[in-house]
Novice: 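Below are the structure tokens for one structure; questions will follow.
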Amino acid sequence: MDRLALDVAHLLAGGLVLVSFMLLYQDRMTGLVNNFALHALVVSLSVAWQAHIQHAPHLYITAAIALIVKAIVIPLALHRIIVQLGIHRTIEAVVGIGQTMLAGIGLVALSIMVMLPITAKAGTLTQQDLAFALSVLLLGLLMMISRRNAVSQVIGFMSIENGLILAATGAKGMPLVVEISVAFSILVALIVIGVFLFRIRERFDTVDIHALHQYRGEQP
Amino acid sequence: MAIGLQLLVQFCQMALVLALAPLFAGYVRKVKAHLLRRQGPPLAQPYRELLRLLRKDVVLADSASWVFRVAPYLIFATTWVAVSLVPTFATGLIFSYAADVIAIVALLGSARFMLALAGLDVGTSFGGIGSSREMLIASLAEPAMLMVVFTLSLLAGSTQLSSIAASMQASDVGLRFSIALALIGLVMVALAENARIPIDNPATHLELTMVHEAMILEYSGRHLALIEAAAFLKLLLYVSVIACVFFPWGIAVSGQGPAAYFAGIGVYLLKLAAGGFLLAVFETAIAKMRVFRVPDFLGAALMLGFLATLLLFVTLAG
Amino acid sequence: MALAGLLWCVGALLAISVAAIPAARSRWGTPAVYGAALCASTIGLGLALVSLLGGGALLGALTLPVGLPWLGAHFRLDALAAFFLVVVNLGAAGASLYGLGYGSHEEAPGRVLPFFPAFLAGMNLVVLADDAFTFLFTWEFMSLSSWALVMAHHRRPGNAAAGYLYLIMASFGTLALLLAFGLLAGPAGGYAFAAIRAAPPAPGVAAVVLVLALIGAGSKAGLVPLHVWLPLAHPAAPSHVSALMSGVMTKVAVYGAVRIVFDLLGVPTWWAGALVALLGGVTAVMGVLHALMEHDLKRLLAYHTVENIGIIFIGLGLALAFGANGMRAAAALALTAALFHVFNHSVFKSLLFFGSGAVLTATGERDMERLGGLIHRMPLTAFVFLVGSAAISALPPFNGFVSEWLTFQAILVSPALPQWLLKFLVPAIGALLALSAALAAACFVKAFGVTFLGRPRSDAARQAVETDRWSLATMLILAALCLLAGILPGYFIDALAPVVRALAGAQLPRQGELDWLTIVPVAQSRSSYNGLLLFLIIAFAAGLGAEAIHRWASGVLRRSAPWDCGFPDASPATQYTAGSFSQPIRRVFGSVVFRAREEVRMPPPGDLRPAQMHVRMRDVLWDAFYAPLAGLVAYVADRLNKVQFLSIRAYLTLVFGALVALLTVLAVWQ
């Protein structure tokens, strides 16, 4: 694996972690969706580069799917949902942005500490990809638990998926069947979540989770 | 080289930075004006401002003490010394081993300490607002600066600016992402420290949006001239540090002779021009933040520094 | 031999203490006692300096036949003890010199004079002790004599509670140290330090001893979460005693920690270093944040002590981590940084406490919100307080910067550590250190600015007078020492070399011989600092600027009302107060760390009452940890109270039950 290939892969994987942080920093809905589009774009570039250096052409298809579905179609759909639901507000965070980012740094450090010794025998490329993929996954989960808004939770969930794609490509190739099934499950999940969002909005006039909490029943 | 010649080159650098600082500030103003489709003041306007202030009387408040009168000299001296220690056209000058980048930042901290005290000295509320906000910004910018220094030290194995510049010239592609993150972090810290948009507005007349201007509200005459000169020097310092660390090509090495020095000066002027242009574009394109968004901004700079360090650890382990 | 001389000085101090009981009643008693204490501590300082710089010729050990019959009292003067004796006696001499002036304002000399020399003697003895019993006995003696000094003005509100809390925490710390020494001595019961050194404990036992030592010594030094007594007790004592407690007694506690952890425990483990450094980092930030929220001058200084102890423990933790990994040079660097900071802090903290004592004497106020403008009334005190503030804020060219710079250099060496946790933790601790340094500068801008600058906020501030010349002389000497240690750090680092070599196995390269008096902690290519050159260039630049201004600028100066944007306000109440200065920082950090809540109550329009702003802050540690603990103890004590009211038959049953139980144990043991 020559130097340039490794470095560009490092650049793209590190860029993905950086964009995950930018997702944490956002406090406006439209900015969040655009940022997610950037996230998907970076992941598709990363997969395409992996396809190039691993000489695995089927990964190009994965990259194309990621680009078209996640960087173009889904953000457009989300923009539309936002407009139709009429939620142009800021996103409320459970704790301040500064503390969320501090927690994010801790998670990146943790995933590096866990992954690097485990993958010590694999190649450098795999090591880096897996460590960064775990970081992206944890950052996506952090985003889901630290935001009150349902749309931002959906985006967090999809960024977890991007991290999984990075991990799968890093571990030397991903059969197309797996990718198609994963993509289908994501699509189904999105449809279901979108339907639910519409229903929730119709019913309660809001998608703020905190407001929905009081309707849960069996309150303590 | 003989000690006398080295001292001469060092003094030339001190004179050069002092001469260039108002010009740089005037250049940034000129570019901003052109971007706003105005003619703007002439390039030499800051020099005229300094001369005008020098000729004016000093009006001192009744409650001002000797701290108020001595502070401008100390602020000017520490900032000027700090800029003189940064490699501009040549590395390895004779004084540059007296202080590394941590000491240079601490010298700026001394200047800021005196300025904040001067703001509190007269006993008005405007001075207080400037001083308290300035110390908040400083306390958040310092950890971010340290993380950037940590990343650079990890790369270069040193905190001396001359050694960092030398090793950056020899660095290779793989570490470049962390360098980019460190650069962005340093730029964010530099914007905060120099009271530029989006942290503070250097041209504001509204007291409640001031930070730096509020602290110097009571100053006049030659004292104000010294403080304005110190502000120009501080901006020049940060641009020079960024140029020296992240774009070190063209810097002469001490002992290479006058031709290399003159080439170094030329390259330095080009770097300043580019840096000033980018600063002006950035300031025109973005609006000033609320004061309590500044911690988020500087927190992001800290995170970028941390991330750069973490990514470097991964690269170096591989 | 130097050790004998030092013990004679201690004896003299104890004699002065006894003689002070009758002498306190007479008019010349105060100057006599302080003068005698000054002589004794200066002789002690001289002896300690000579032993430290003498290269080992004057060190030695001694055993006195007092104390436990089979043990005696061992005393030993080695390089570490010599260094800490320098720190202790320097602080003691300074406090005695200051007391010559300050003591004349003392309203109850009979409660202060007998215990002051005893306190000095106790601190000296702790550093010299060479076996566990002597160490603990002198440690308790030191605590009790300082407790007596804290209770000197026991009728003032809050002082009695502060003394009570101090006594509890001191006893708790001694208990922890007792257990630690018990574990170290082992079943054989070898309490002399020499015996303990010869038999290093097993790793599990060593871990427990480390934690106990941190608890015991750390509670006296002020490590979070055991620092709660410090900001209450230190300000309650008279000002020169506060300086001793903050500047010197905390260093004796650091000595205890260093002696146990570095000397008696043998080879450290890396996680011990991580733990100590992390505790140090958290302590530093918590201390300075608390200090920023304070507007009582002496409590602010006491919280700052907590911060600086945190910085010292960061250095110690790094030294442990490097030592555990065999990186001796780096361990030497970290240890040098920590010990240099010990010296620096004792100097500038004493200076600052002396300054606050001068302010207290001149105005009768400790609350900054009632002071202001004192620089016009007390110019010399203001000047030395400014030097102390600049030194503690780690600003070049003063000494605080040098020790912090060395600590940063030690942090920058950390990527060479093999453990991943350390690799990530140390940069985080470095960020915490940078944050605490910047916040310390903010805190001292507030302290100096609100107290000395601006306009006076009360009559007491308007009518203050400059303090007496003994106090001024002491403060000037300490301020000069701050500058000297900042300009010529190489000599101080060389003086520390024997200590560092004994503890870390390596030392920094000899600094005194380098060109131009630069200091180079690791290698020339890596980093260097030249305090003297910086000082000279700054002076040169300032002089050049002043000369140029004088030549070409207008020299006219006239006085007028302040500009204040055209609406100068006659009332000094409109200037910034301590609370308003720290409001931005309270907004950013306070909501998490202190659960700070601000509330503004505005009266309805037309009502002439002023608006009120209430700031509510809780000490989270106290609420989460100490208050429940106190409640638990009260609950248990209540329950056990029933034992007081039993019948005679019940007491006899208890005696019978205890006897049967002991006999059973004896039977089983056979």
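In what follows, every chain begins at residue 1, and chains take the letters A, B, ... in the order their sequences are listed.
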Novice: Is there a side-chain hydrogen bond (donor to acceptor under 3.5 Å, both in side chains) between B:S132 and C:Q583 once you walk through the steps?
Specialist: CA-CA 8 Å; B:S132 72; C:Q583 187 255 2; over 6 Å; no
Novice: C:V588 and B:V294: side-chain contact (heavy atoms from CB on, under 4.5 Å), yes or no, with the steps?
Specialist: CA-CA 10 Å; C:V588 174; B:V294 171; over 6 Å; no
Novice: Given side-chain contact (heavy atoms from CB on, under 4.5 Å), test C:Q575 with B:S125 step by step and report yes or no.
Specialist: CA-CA 5 Å; C:Q575 58 183 337; B:S125 44; over 6 Å; no
Novice: Any side-chain heavy atom of C:F452 sitting closer than 4.5 Å to one from B:D121?
Specialist: no
Novice: Under 4.5 Å heavy-atom distance to chain C, tell me which part of B:F150 shows up: side chain, backbone, both or neither.
Specialist: both
Novice: Check each atom of C:Q409 against the heavy atoms of chain B and say whether the ones under 4.5 Å are side chain, backbone, both or neither.
Specialist: side chain
Novice: Please name the pair of heavy atoms, one in C:L412 and one in B:T159, separated by the smallest distance, quoted to 0.1 Å.
Specialist: CD1-CG2, 3.3 Å
Novice: Less than 4.5 Å apart, any side-chain heavy atom of B:L217 and any of C:W563?
Specialist: yes
Novice: Any idea which heavy atoms bring B:S131 and C:F581 closest together, and the distance?
Specialist: CB-CE1, 3.6 Å
Novice: Ring centres of C:F424 and B:F313 under 6.0 Å apart?
Specialist: yes
Novice: Kindly give the heavy-atom pair with the smallest separation between C:L435 and B:S139, and that separation in Å.
Specialist: CD1-O, 3.3 Å
Novice: Please check if the side chain of B:E142 supplies one atom and the backbone of C:A437 the other of a donor-acceptor pair under 3.5 Å.
Specialist: no
Novice: Go through the steps for B:M135 and C:L292 under the test side-chain contact (heavy atoms from CB on, under 4.5 Å), then give the verdict.
Specialist: CA-CA 12 Å; B:M135 297 318 288; C:L292 270 164; over 6 Å; no
Novice: Is chain B contacted by the side chain of C:L439, its backbone, both, or neither, given a heavy-atom distance below 4.5 Å?
Specialist: both
Novice: I'd like to check B:L226 versus C:I549 (side-chain heavy atoms, cut-off strictly below 4.5 Å). Are they in contact?
Specialist: yes
Novice: If every non-hydrogen atom of C:A431 is compared with every non-hydrogen atom of B:M147, which pair is closest and at what distance?
Specialist: CB-SD, 4.1 Å
Novice: List the atom of B:R55, the atom of C:S554, and the distance in Å for their closest heavy-atom pair.
Specialist: O-CB, 3.3 Å
Novice: So, for C:P396 and B:A103, which heavy atoms are closest and what is the spacing to 0.1 Å?
Specialist: CG-O, 4.3 Å
Novice: Give a yes or no on whether the backbone of B:A61 and the side-chain of C:R559 come within a donor-acceptor separation of less than 3.5 Å.
Specialist: yes
Novice: Is the shortest side-chain heavy-atom distance between B:L140 and C:F589 below 4.5 Å?
Specialist: yes
Novice: How about C:R558 and B:V58: do any of their side-chain heavy atoms sit closer than 4.5 Å?
Specialist: no
Novice: Which atoms of B:Y219 come close to chain C, meaning under 4.5 Å heavy atom to heavy atom: side chain ones, backbone ones, both, or neither?
Specialist: neither
Novice: Measure the shortest side-chain to side-chain distance between B:F126 and C:D564 over non-hydrogen atoms and say whether it is less than 4.5 angstrom.
Specialist: yes
Novice: With a 4.5 angstrom heavy-atom cut-off, is it the side chain or the backbone of B:A118 that approaches chain C, or both, or neither?
Specialist: neither
Novice: Sort C:F398 into side chain, backbone, both or neither according to what part of it lies under 4.5 angstrom from a heavy atom of chain B.
Specialist: neither
Novice: In the structure I gave you, are the side-chain heavy atoms of C:W405 and B:D100 within less than 4.5 Å of one another anywhere?
Specialist: yes
Novice: Report yes or no: does C:R455 contribute a side-chain atom to a donor-acceptor pair with the main-chain N or O of B:T124 at less than 3.5 Å?
Specialist: no
Novice: Does C:F408 reach the side chain of B:L146, with side-chain heavy atoms less than 4.5 Å apart?
Specialist: yes
Novice: Does any backbone or side-chain atom of C:P584 lie under 4.5 Å from a heavy atom of chain B? Answer side chain, backbone, both or neither.
Specialist: both
